[in-house]
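All chains are named by letter (A, B, ...) in the order of the sequence lines, taking the proteins before the strands, and each is independently numbered beginning at 1. Every value quoted in this text rests on a predicted model; they were computed, and no experiment measured them.
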2 protein chains.
Amino acid sequence: MNNNYELYKVFYWAAKTGSLTQAAKALYITQPSVSHAIKQLEDSFGLTLFYRNPKGVALTQEGAILYSYIEQSQILISTAEEKMAALKNLDSGELRIGGSDSLFKHYILPYLEDYHRLYPGVRLHLNHGTTPEVISFLKEGRIDLGVVRMPIVDPQLEVRESLQLQDCFVAGAHYAELRGMVLSLDKLLEYPVILFSRNSRARMAITELFQSYGITLKPEIEVGSVDLLIELARKGLGISYVTREFVSKELENGSLFEIQLDVALPPSHVGIMTMRNMPLSSSAGKFIELMRLI
Amino acid sequence: MNNNYELYKVFYWAAKTGSLTQAAKALYITQPSVSHAIKQLEDSFGLTLFYRNPKGVALTQEGAILYSYIEQSQILISTAEEKMAALKNLDSGELRIGGSDSLFKHYILPYLEDYHRLYPGVRLHLNHGTTPEVISFLKEGRIDLGVVRMPIVDPQLEVRESLQLQDCFVAGAHYAELRGMVLSLDKLLEYPVILFSRNSRARMAITELFQSYGITLKPEIEVGSVDLLIELARKGLGISYVTREFVSKELENGSLFEIQLDVALPPSHVGIMTMRNMPLSSSAGKFIELMRLI
DNA sequence: ATTGTTCATAGACGTGGTCTATAGCTCCTG
DNA sequence: CAGGAGCTATAGACCACGTCTATGAACAAT
C-alpha cells in the first residue's frame with residue numbers, strides 16, 4: 001500500500017479518458033506502461049479498479065470511489081503548477097517593500113511605476129517606517145526588501161548600495177540675504193533650523209557632524225515629513241536640512257536655494273537591504289534587478 | 001515542469017515537518033534523497049521553495065503558496081487510500097442484489113443476515129424484479145449480482161447454480177379429501193388452481209409441462225406474491241403451485257399438505273448470476289463466497 | 001475472412017532515485 | 001574556545017523499477 005503517487009496520475013488519465021491507450025498518449029508513455037501502472041495500483045489495493053472492455057475501460061464501483069478523490073487531488077496539483085508558473089514569470093505574486101515615506105516618494109516611486117507596468121499581476125505592498133522599524137519588518141518576514149539610509153551594520157542583512165544622496169541646508173525667499181554667502185556652522189545656528197524627527201538616520205548624522213565640531217545642534221522646529229521640511233523652508237519659517245536630490249524641483253524654480261557652508265557635509269547613501277542567506281522571492285529579485293538597470 | 005508527482009509527497013512532508021531530516025524519516029528514505037527531491041522541484045519551477053536554516057527549513061512565499069495546494073491534494077490521496085483499505089476489508093462499500101421477493105424472503109435473507117453481521121459497514125441494496133428485469137439491472141450495472149431461477153442462457157452472464165428447489169401443488173384443510181391421494185393432471189384441473197403471475201419463470205415451466213401432456217393449464221386465480229399463493233391455499237380458495245421449500249413451515253404444521261401427482265414435476269434451480277468477464281466488487285465476491293460456504 | 005481496435009504479457013534496457021560518505025554551517029555546552 | 005550535535009548540501013556509485021519493443025488475445029466492424 002506504500003504507493004508511488006505517480007501511479008495516481010496514470011489512474012487519473014485512464015479514468016478520465018476511459019482508455020488506457022488514450023491515457024498513454026496524454027502522458028507521453030506507451031500503453032503497456034499504463035497497463036502495468038494500473039495493475040500495480042490494483043494489486044496494491046487488492047481491488048479491481050477498471051472493467052476492461054474491448055473498446056476501452058470503465059471504472060468499477062471501487063474505481064469510481066477512488067476517482068472521486070484522485071480527480072480533486074490531480075486538479076489541485078495542476079492548479080498549483082499553473083500558479084507556480086504564474087509566480088515564476090511574475091503574472092502573480094506580491095512584492096513587499098519597506099522604507100521611509102520620503103524615499104518612497106522621491107526615489108522608489110518611478111521604479112515602482114515601471115515595475116507595475118511590466119508586471120501588473122504582482123501586488124505591491126509598501127510599508128513605511130523608520131530604519132530600525134524597516135529592519136524589524138525584514139527580520140519578521142513582513143517585507144521582501146527595505147530601502148533605507150546607510151550605513152547598516154547587521155550581519156543578518158545584505159545591503160546593496162544603490163544611490164548617493166547629498167543632504168544640505170536650504171532656505172526660501174525670506175532669507176534671500178544668504179544666497180551666495182558661505183556660512184560657518186556657528187553662523188548658521190543664528191537662524192532657526194528645521195530638522196527631521198529625532199529618530200531618523202539623517203538627523204543623527206548631522207547631529208554627530210556638528211558634535212564633531214563641538215557644536216550642539218538644536219532645531220527650532222522638528223517635523224516628521226520631508227514634504228513639511230520643504231514647505232516650512234519655502235514659507236520662510238527657517239532653514240531646513242533636506243536631501244538635495246529631493247528638492248531639485250524647488251532649487252530649479254528658485255523657490256528654495258542651497259545654503260553654502262564652509263565645511264563639507266558628508267554624503268549619505270541609500271541601500272537596498274535584504275536578508276542575508278535567504279533566497280529572494282522572484283518578484284523582489286526582479287525589482288532589484290530593475291533598480292540597478294536603470 | 002513535467003514533474004514526477006512523487007516529489008510533491010516529499011515536498012509535503014518537508015513543509016509539514018519543517019525539516020528535511022524529519023521528512024526523510026517519515027518517508028523512510030535518507031535525508032540526501034529529500035534534499036535532492038526538493039532541489040528538483042525548485043529547479044523545475046525556477047523558484048525557491050524553502051529557506052534553509054541551520055535548524056531546519058521554512059517555506060518561502062512561493063513555497064507557502066505551493067503548500068496550500070499540495071496539502072489539500074495529499075490529504076485527498078491519504079483519504080482515498082484509507083477508503084480503499086476500508087473497501088478492501090469491507091468496512092465500507094455496498095452490495096446490490098437483484099432477485100424476486102420470494103427468493104429474497106425464503107432463500108437470500110439468512111445469508112444477508114450473516115453477511116450484515118460480518119460486514120456491518122457494507123450498505124445493502126435489494127432490487128426486486130422478474131428474471132428479465134433482474135438481467136436488465138445487471139447489464140445496466142445497477143446491481144452486482146442477481147439471484148434468479150435457471151436456466152439462464154445468455155453469453156454475457158455467468159451463472160452459478162446454487163440451490164435446487166422442487167415446485168409442487170399444495171392445498172389446505174378445505175381439500176383434506178385429497179390428502180394421501182395420487183392425482184392425475186386431468187383430475188387436478190377439476191379443482192381451482194392458483195398460479196403465480198404469467199411472466200414468472202416458474203409459471204412458464206409448469207404451463208409447458210402441462211402442454212407436453214396435451215393439457216392446457218388455466219388458473220382460477222393468478223397472484224403476484226408467493227405469500228398470497230400460500231395464504232389463498234390455506235384459506236381453501238384453491239390449489240396453489242408453490243416451491244416446496246418455501247412452504248416447509250406450513251407443510252410441517254399441517255396447515256398445508258402436498259398434492260401427490262402421477263407425474264414427476266421437474267425440479268427448478270436457482271442460480272447466482274453475474275456479468276461474465278467483469279470483475280466482481282469485493283463486497284459481491286465475499287457474499288457469493290459466503291453463500292457457497294454455508 | 002480481414003482489418004483495426006482494444007488491453008495483457010514477456011523480457012530487455014537504461015535512467016533516475018536512493019544510498020553512503022563527507023563537508024560546511026550554526027548553535028549549544030563544558 | 002574547542003568539541004559535539006544538530007541541520008542541509010554535495011559527490012559518486014549502484015541497482016531497482018519504470019519504460020520500452022514485440023507480441024498475443026479478444027472483440028467489433030467491414
Side-chain angles (χ1 to χ4, degrees), chain A residues 1-44 47-60 63 139 154-158 275-279, chain B residues 1-44 47-60 63 139 154-158 275-279:
Chain A
M1 171 58 101
N2 208 4
N3 265 330
N4 186 326
Y5 283 15
E6 197 68 2
L7 298 179
Y8 292 123
K9 181 158 51 174
V10 179
F11 169 77
Y12 172 67
W13 283 99
K16 184 176 173 157
T17 61
S19 154
L20 303 195
T21 306
Q22 291 306 310
K25 284 178 185 166
L27 294 163
Y28 302 105
I29 56 177
T30 59
Q31 169 268 317
S33 297
V34 174
S35 205
H36 184 229
I38 299 299
K39 190 166 194 54
Q40 271 190 289
L41 255 193
E42 290 184 326
D43 289 350
S44 79
L47 294 170
T48 306
L49 299 172
F50 288 102
Y51 299 120
R52 273 75 164 179
N53 305 314
K55 45 179 61 174
V57 295
L59 288 167
T60 62
K139 291 188 179 175
D154 190 317
Q156 285 188 58
L157 302 179
E158 180 166 348
M275 292 297 285
R276 186 181 299 280
N277 298 332
M278 282 227 180
Chain B
M1 171 58 102
N2 209 7
N3 264 332
N4 186 326
Y5 282 16
E6 197 68 1
L7 298 179
Y8 292 123
K9 182 160 47 176
V10 180
F11 169 78
Y12 172 67
W13 283 99
K16 185 175 172 156
T17 60
S19 153
L20 303 196
T21 305
Q22 290 309 310
K25 282 177 186 163
L27 294 163
Y28 301 104
I29 57 178
T30 60
Q31 169 268 318
S33 298
V34 174
S35 205
H36 184 229
I38 298 299
K39 189 166 195 52
Q40 271 190 290
L41 255 194
E42 290 184 326
D43 288 350
S44 81
L47 295 170
T48 307
L49 299 172
F50 288 102
Y51 299 120
R52 274 74 163 179
N53 305 314
K55 45 179 59 175
V57 296
L59 288 167
T60 61
K139 291 188 178 175
D154 190 319
Q156 285 188 58
L157 301 179
E158 179 166 349
M275 292 295 286
R276 185 181 299 281
N277 298 330
M278 282 225 181

Point to revise | Protein-nucleotide distance (B:Arg52, atom CZ; D:dG6, atom C1'), rounded to Å | key: 17 Å
**Study point:** Whole angstrom value for the distance that separates P of D:dT19 from CG of A:Leu20
**Key:** 14 Å
Study note, to complete from the structure: Of all heavy-atom pairs linking B:Tyr51 and A:Met278, the shortest is CD2-SD, 3.4 Å
**Study point:** Euclidean distance, atom CD of residue B:Glu42 to atom C1' of D:dA9 [Å, nearest integer]
**Key:** 12 Å
Practice item. Sugar-phosphate atoms are those with a prime plus P, OP1 and OP2; base atoms are the rest. Using that split, label each nucleotide of nucleotides 21-30 of chain D B, S or - for protein heavy atoms under 4.0 Å, 5' to 3'. Key: BB----S---
Review point. Does A:Lys55 offer a backbone N or O that forms a donor-acceptor pair with the side chain of A:Asn53 under 3.5 Å?
Key: no
Exercise for review: Could you check B:Phe50 against B:Leu59 for side chain to side chain contact (heavy atoms under 4.5 Å, CB included), going step by step and ending with a plain yes or no?
Suggested key: CA-CA 4 Å; B:Phe50 288 102; B:Leu59 288 167; 3.4 Å; yes
Review point. Is any side-chain N of the basic residue among B:Glu42 and B:Lys39 closer than 4.0 Å to the acidic one's carboxylate O?
Key: no
List the atom pairs, with distances to 0.1 Å, where a side-chain N or O of residues 12-20 of chain B and a protein N or O form a donor-acceptor pair under 3.5 Å, not counting sequence neighbours.
from, atom 1, to, atom 2, distance (Å)
B:Tyr12, OH, B:Lys16, NZ, 3.3
B:Thr17, OG1, B:Trp13, O, 2.7
B:Thr17, OG1, B:Ser19, N, 3.4
B:Thr17, OG1, B:Ser19, O, 3.0
B:Ser19, OG, B:Thr21, N, 3.2
B:Ser19, OG, B:Gln22, N, 2.9

Review point. Rounded to whole angstroms, how far apart are NE2 on B:His36 and P on D:dA13?
Key: 15 Å
Check your understanding: Do A:Thr60 side-chain atoms and A:Thr48 backbone N/O form a donor-acceptor pair below 3.5 Å?
Key -> yes
Check your understanding: If you count the non-hydrogen atoms of other residues, nucleotides and ligands that lie under 6.0 Å from NZ in A:Lys139, is the total more than 12?
Key -> yes
Review point. Where each residue is assigned the nucleotide of DNA chain D containing its nearest heavy atom, which of B:Lys39 and B:Lys25 is assigned the position nearer the 5′ end?
Key: B:Lys25
Study note, to complete from the structure: Atom CG of A:Leu7 and atom P of D:dC17 are separated, to the nearest Å, by 12 Å
Practice item. Anything under 4.0 Å to a heavy atom of chain A counts; send over the first and last such nucleotide of DNA chain C, read 5' to 3'. Key: C:dT6 to C:dT9
Practice item. Kindly determine whether B:Arg276 and B:Leu157 satisfy side chain to side chain contact (heavy atoms under 4.5 Å, CB included), including the steps that lead there. Key: CA-CA 5 Å; B:Arg276 185 181 299 281; B:Leu157 301 179; 5.9 Å; no
